[in-house]
Amino acid sequence: MSFKEYKNLDYAQVADEILSFWKSNEIFEKSITSREGHPTFTFFEGPPSANGTPGIHHVMARTIKDIFCRYQTLKGKQVKRKGGWDTHGLPVELQVEKELGITKEDIGKSISVEEYNQKCRETVMKFTDQWNDLTEKMGYWVDLEDPYVTYHATYIESVWNLLKKLYEKGLLYKGYTIQPYSPAAGTGLSSHELNQPGCYRDVKDTSLTAQFKVKNTEKSTFLFDAAGSEVYILAWTTTPWTLPSNAALTAGKNIEYVLIKTFNPYTFLPVNVVLAKDLIKNYFKAEAENGDFDAFAAADKKPQAIPYQILKTFKGSEIEGVEYEQLMAYVQPEAPAFRVILGDFVTTEDGTGIVHTAPTFGADDFRVAQQNGIPAIVVKDENGKEVPLVNRQGKFVKEVTDYALEFVKEAYLSEEEKEIEKAKQGRDKYLSVDERIAIQLKTENKAFNVQKFDHPYPHCWRTDKPVLYYPLDSWFIKTTAVKDKLIALNKTIQWKPESTGTGRFGNWLENLVDWNLSRSRYWGTPLPIWRTEDESEEVCMGSLADLLAGLKKALESGKLDAGQIKGNEAFLAAAAKGEADLHRPYVDDIYLISPNGQIMSREADLIDVWFDSGAMPFAQWHYPFENQEIFKANYPADFISEGVDQTRGWFFTLHAISSMVEDSVAFKNVVSTGLVLDKNGNKMSKRLGNAIDPFETLKKYGADPTRWYMITNAQPWDNLKFDLAGITEVRNKFFGTLTNTYNFFALYANLDGFDPKQLGSLNEANLTELDRWVLSKLMTLIAEVDEAYAQYEPTKAGRAIQDFVCDHLSNWYVRLSRRRFWNPESAANGLSDDKIAAYQTLYTCLEAVAQMMSPIAPFYGEWLYKNLTGKESVHLSDFIQVNKSLQNESLEQSMDLAQRICSLVHSLRKTHKLKVRQPLAQILVPVLNEQTREQIRRVDGLIKTEVNVKEVNYLDDASGVLSKKVKPNFKALGPKFGKDMKQVADLISQMNAETLANLEANSVVTMNGFEIGLAEVEIMTEDMPGYLTASEGGLTIALDNKLTPELVREGMAREFVNRIQNLRKDSGFEVTDKIYITIQEGPLDWKESINEFKSYISQEVQALDIEWKNQLEGATEVNMEDVNLFVQIRK
RNA sequence: GGGCUUGUAGCUCAGGUGGUUAGAGCGCUACACUGAUAAUGUAGAGGUCCGUGGUUCGAGUCCACGCAGGCCCA
């Protein structure tokens, strides 16, 4: 066989060619079918939303996914990976609305739900072509032929099945969350609606700082001890109407609070109050601190500044659990309430640093109350249903007797209504509920401060009235009930990086609230729950078959009206044709009959799209309706990977659903990847114009350099500062070097007819030290790379491969081995054992590198592998095994010494302007032990050629010319001497030759009473007089720079060789061309040198003869530093 | 405001369990090399290891408090 040789390799073109090869030979399919019956490695693809175009960060994310799937395939696993599309949800809806120029208001009016959903269905797969294109071009292997699609009926049916299972476990319930609500419009508002311009307006509200009276319990003893009398906690609110609903007070864990002795400013009764230290200034005048309490109490007309005194300072965590008396006791809670809890949303920006908490009227309040087991203050309506103290019209319920059926906000009253109320109140001005509550509390010694407060407050865009934060119905999954299970299972997952699992995800699980499933939208998976109007009966549908059965039963009952019958029949007809659409509006038109004969209609909600994607382990296979075997073999996943932003998204929903339904993790290993930023560390965005087009990048640089750059530049979980210049660097440095190395191999292997099919496996007997060394390095590399991939550390793997190729293989092995390959030898005579060993070694390294790099650079790895081996595909091969017999630690150390010695000699030559072409007599290496001498001796041949010296000689103690130096070994001294270390270190540094000799002889010496052992010092050699010396890291070498006439002449011969080689090259001769050299008579010293080294020169430049002539026509003038020679070469 | 995370040379990054002289690549400067050559070698310049305290004989590394950037949440 012959190896292809390349000039100016275009990596994008390589990718193109390999891609079409893969396609026409179905290599991806084979990589799976060829592993039939092997253990599976399961990967779950997090579905991208196809309604946007892919970006460069998708190349990053998918490279990570691809690497480990390819690696596991090499390790013999069968790796099925089904692609998928996330197709439901708000982004799709918004895009459709933008395209059609409509808003949510129009749905059901100017456009039917049916038409709208049809449009969503069309839009959502809009960019699939682009996605598929990117997937292919970047070399990401995933099954695009048969992806799962979340809007397909089969997918939805599986989702319903999961919901049914949760329902049966009692984990699905209807409850409420606090959402913006417009009582005037009678509707909830989305955050989207609330963020429209003009919604937030400045309003003047009554703000009130209330005094909550602390109960004297164990928790609060320290307060009472300091105060000696009643203690009140101060909490501030801009919505006094929520005070009857107060259930807790929330403090900040790390906020500093104070207990202050002072007077109530309205009743002038002495009080002790608690508030945040930073906010004292908002309530007290600094000059009144430690004022005259007695004088104030005695004064008839009270002075402006109320005296106060700080009694105690403490952290929020110290008042957790302190109980207090209910402030406005209209309605009693069903469980213990009225205590201090901690919340992370508390600030010291306004108020008192303690937040009045009404679970029914604030999202934070609701959440923190739920987490702390604080009940909401509710009453039962006429149906026995629990409702808050304010009804949906915005009026107090009758139980709040003093304000029964009054609007809680003044803005809800019309002018006429205000007049009527004014009359009722018997005042000359209407006073709002807030104002009257303030007055009431003032007189009851429960208000510490009341004032008007300007702040922005959200208003309903339809009615212009302020919104309330109000509990609205939602369907929930009771994740709090399985919190412990979620936490326990999470501990079995390997997270990369670990902190995402323990920190971000772990903390999230610790603070879990129930999963709100409900979405009031149109395009999504409908909640499969039907209820009777009085909510006494309900059913959850777990399959299409169940639904159809229920639907038929309803038709047969004869209780449906004409419209209902029509809807049911239409659905039945569609289902009969296999076209049942489980979306709205069709499912909305289905009516069922309860066991008690009542009509049931569907709960209008759609479910959170995150449930869709979290359901994919099941729904991608239409489990349990189909593919039960495939599901069992591919669940749970061995590996998933997505952006760290998915922690609370997909990672959570996968984990939650699996934990609840299967009592299992959904994935065993997860890599959460960082962001791809621009080269300056800014977020990429189309708007800013700093987004990188993935297609252009792949086209210009090729997929392999792009992938390699992304993986080796930063750890996957760190943010990547993406710089195109970095790809260029990787391309030149790594891929360029590797391609050069391959080309070098190919060039000579072709000349010599080396055939790996016959000679591909190593014959260890013929290996040189250099061969053994690079193979030992290779074995170490294989082990390292295997481990790195297995541990989901692609960056380590890539960097290790890169270092091997550039530093060890190319720059040392090949550079020092070139001469062996040049050695002219015709194929006809058979190759020498040495040459075969060289080819085998280089071939072995290249083949292994091709395979190890192939998960990261799949096209190039394939290209290299195929060029080398002629086999079908690297991706169908088995991961190379470490051959332990080739590992040689001592040889690696030897070579390390050789490299350091060469580096030192080069450095000396450089500083003393001694060209490498000038041979020198010797270098001297001081060695303090026999082992080092042997280690260097093994490789001194390499050193001699590399730095062009005739001898490597060793100096030991016996030579008497060594001057030694001793340094303290701090690591050993520290533990032994501790505080006396400095003193001992000084003693060692000042040790004289005699003491040192003593130490060496006895292994121990005592100085100033300190016993110093041999292991506690480092002994090294220093300068040698008469030579050029250099040292580094304990290694010293001396260069003998004395030139003999003989050495000078050899140097001249080498110079001449150099010029002839240049001439050959300039003349365009082939490497194999033999030449004749003719030189015009000239300087005698040059003639002498050239003649003396004629055979050496001839061999080097492949000259058949060198002759001298008096006159030479058409000769080339060659500069030899001091003189010029006229030379002619011909074939 | 909270959780997590990052901060080391102009740039991108390495720096097990603390050990005194902090490294690599790229870039820059100079020189050398020239049958791998749009490569390569050598040398040089370039560092408050984000800051401040603390623990220690000794801190880039451990602890505390900050500062700046990022992500998620509020």
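Here is how names work: the chains are called A, B, and so on, in the same order as the sequence lines, proteins then strands, and each is numbered from 1. Here the structure is a predicted model, which means the values were calculated and not measured.
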In whole angstrom, give me the gap between the P atoms of B/A32 and B/A9. 32 Å
A/Phe361 ring center within less than 6.0 Å of A/Phe366 ring center: no
Expressed in whole Å, how much space separates the C1' atoms belonging to B/C63 and B/U56? 12 Å
Under 3.5 Å on both distances, the Watson-Crick or G-U partner of B/C71: B/G3
Between B/G25 and A/Lys733, is there an OP1 or OP2 to side-chain N/O distance shorter than 4.0 Å? no
Check against side-chain contact (heavy atoms from CB on, under 4.5 Å), A/Lys700 and A/Tyr11: CA-CA 9 Å; A/Lys700 189 166 172 197; A/Tyr11 300 102; over 6 Å; no
So, are A/Lys835 and A/Asp752 salt-bridged, with charged N and O less than 4.0 Å apart? yes
Separation between OG1 of A/Thr653 and CH2 of A/Trp515, rounded to the nearest 0.5 Å: 5.0 Å
Relative to each other, are the rings of A/Tyr748 and A/Phe821 parallel, tilted or perpendicular (30° and 60° limits)? tilted
Would you call A/Lys796 and A/Glu787 a salt bridge, taking side-chain N to carboxylate O under 4.0 Å as the test? no
Between B/C67 and B/A24, how many Å separate the two P atoms, rounded to a whole number? 35 Å
Protein-nucleotide distance (A/Arg818, atom CZ; B/U40, atom P), rounded to Å: 12 Å
Please give the distance between the C1' atoms of B/C62 and B/A45 as a whole number of Å. 34 Å
Pick the P atom in B/G2 and in B/G47, then give their distance to the nearest Å. 37 Å
In a check of ring-ring contact (aromatic ring centres under 6.0 Å, His included) between A/Tyr709 and each of A/Phe722, A/Tyr701, A/Phe735, A/Phe734, which one passes? A/Phe722
Look through every strand shown and name the nucleotide pairing with B/C65 as Watson-Crick or G-U wobble, where both distances are under 3.5 Å. B/G51
Regarding A/Asn740, tell me which of base, sugar-phosphate or nothing describes its non-hydrogen contacts under 4.0 Å with the strands shown. base
Base, sugar-phosphate, or nothing for A/Arg909, non-hydrogen atoms under 4.0 angstrom? nothing
What interatomic distance, in whole Å, is found between P of B/U6 and the corresponding atom of B/A64? 15 Å
Round to the nearest Å and state the distance from A/Leu9 atom CG to B/U37 atom P. 13 Å
Can you tell me how far C1' of B/C33 sits from NZ of A/Lys915, to the nearest Å? 10 Å
Is A/Lys496 salt-bridged to A/Glu793, cutoff N-O under 4.0 Å? yes
Applying a 4.0 Å non-hydrogen cut-off, can you work out what A/Tyr748 is touching in the nucleic acid: base, sugar-phosphate, or nothing? sugar-phosphate
What is the pairing partner of B/A14, taking Watson-Crick or G-U wobble pairs with both distances under 3.5 Å in any strand? none
Please determine whether a side-chain nitrogen or oxygen atom of A/Thr500 lies at a distance below 4.0 Å from atom OP1 or OP2 of B/C4. no
When the nearest nucleotide of RNA chain B is assigned to A/Thr712 and to A/Asp807 on a heavy-atom basis, which residue is associated with the more 5' position? A/Thr712
Taking any heavy-atom pair under 4.0 Å as a contact, classify A/Gln715: base, sugar-phosphate, or nothing. sugar-phosphate
Rounding to an integer number of angstrom, what distance separates B/A59 and B/G46 when you compare their C1' atoms? 24 Å
Does A/Thr737 get its side chain close enough to the base of B/A36, under 3.5 Å, for a donor-acceptor pair? no
For B/U42, which nucleotide is its Watson-Crick or G-U wobble mate, given both distances must be under 3.5 Å? B/A30
Please state whether the phosphate of B/G41, meaning OP1 or OP2, lies under 4.0 angstrom from any side-chain nitrogen or oxygen of A/Asn811. yes
Check the distance between B/G44's C1' and A/His906's NE2 and give it to me in whole angstrom. 18 Å
Winner on side-chain proximity to A/Ser903, out of B/C4, B/A43, B/C13, is B/A43
Euclidean distance, atom NE2 of residue A/His808 to atom P of B/A36 [Å, nearest integer]: 21 Å
Which is true for A/Ser499 with a 4.0 Å heavy-atom rule: it touches a base, it touches only sugar-phosphate, or it touches nothing? sugar-phosphate
Could you encode protein contacts along nucleotides 67-74 of chain B as a string, one character per nucleotide from 5' to 3', using B for base contact, S for sugar-phosphate-only contact and - for no contact, with a heavy-atom cut-off of under 4.0 Å? ---SBSSS
Once you apply a heavy-atom cut-off of 4.0 Å, does A/Asn1062 come out as touching a base, just sugar-phosphate, or nothing? sugar-phosphate
Without decimals, in angstroms, what is the distance between A/Arg799 CZ and B/G23 C1'? 13 Å
Base, sugar-phosphate or nothing for A/Asp803? Non-hydrogen atoms, less than 4.0 Å. nothing
Walk me through it: do A/Phe651 and A/Trp495 pass the test ring-ring contact (aromatic ring centres under 6.0 Å, His included)? CA-CA 11 Å; A/Phe651 294 157; A/Trp495 283 81; 5.6 Å; yes
Name the closest nucleotide to the A/Val814 side chain, picking from B/A14, B/U34, B/A36. B/A36
Nearest-Å distance for atom pair NZ/P, residues A/Lys796 and B/C13: 17 Å
So, does A/Asn719 use its side chain to make a donor-acceptor pair with the main chain of A/Gly674 at under 3.5 Å? no
With C1' as the reference atom in both, quote the distance from B/G25 to B/A14 in angstrom, rounded to an integer. 10 Å
Value in whole Å for how far the P atom of B/A14 lies from CD of A/Glu793: 11 Å
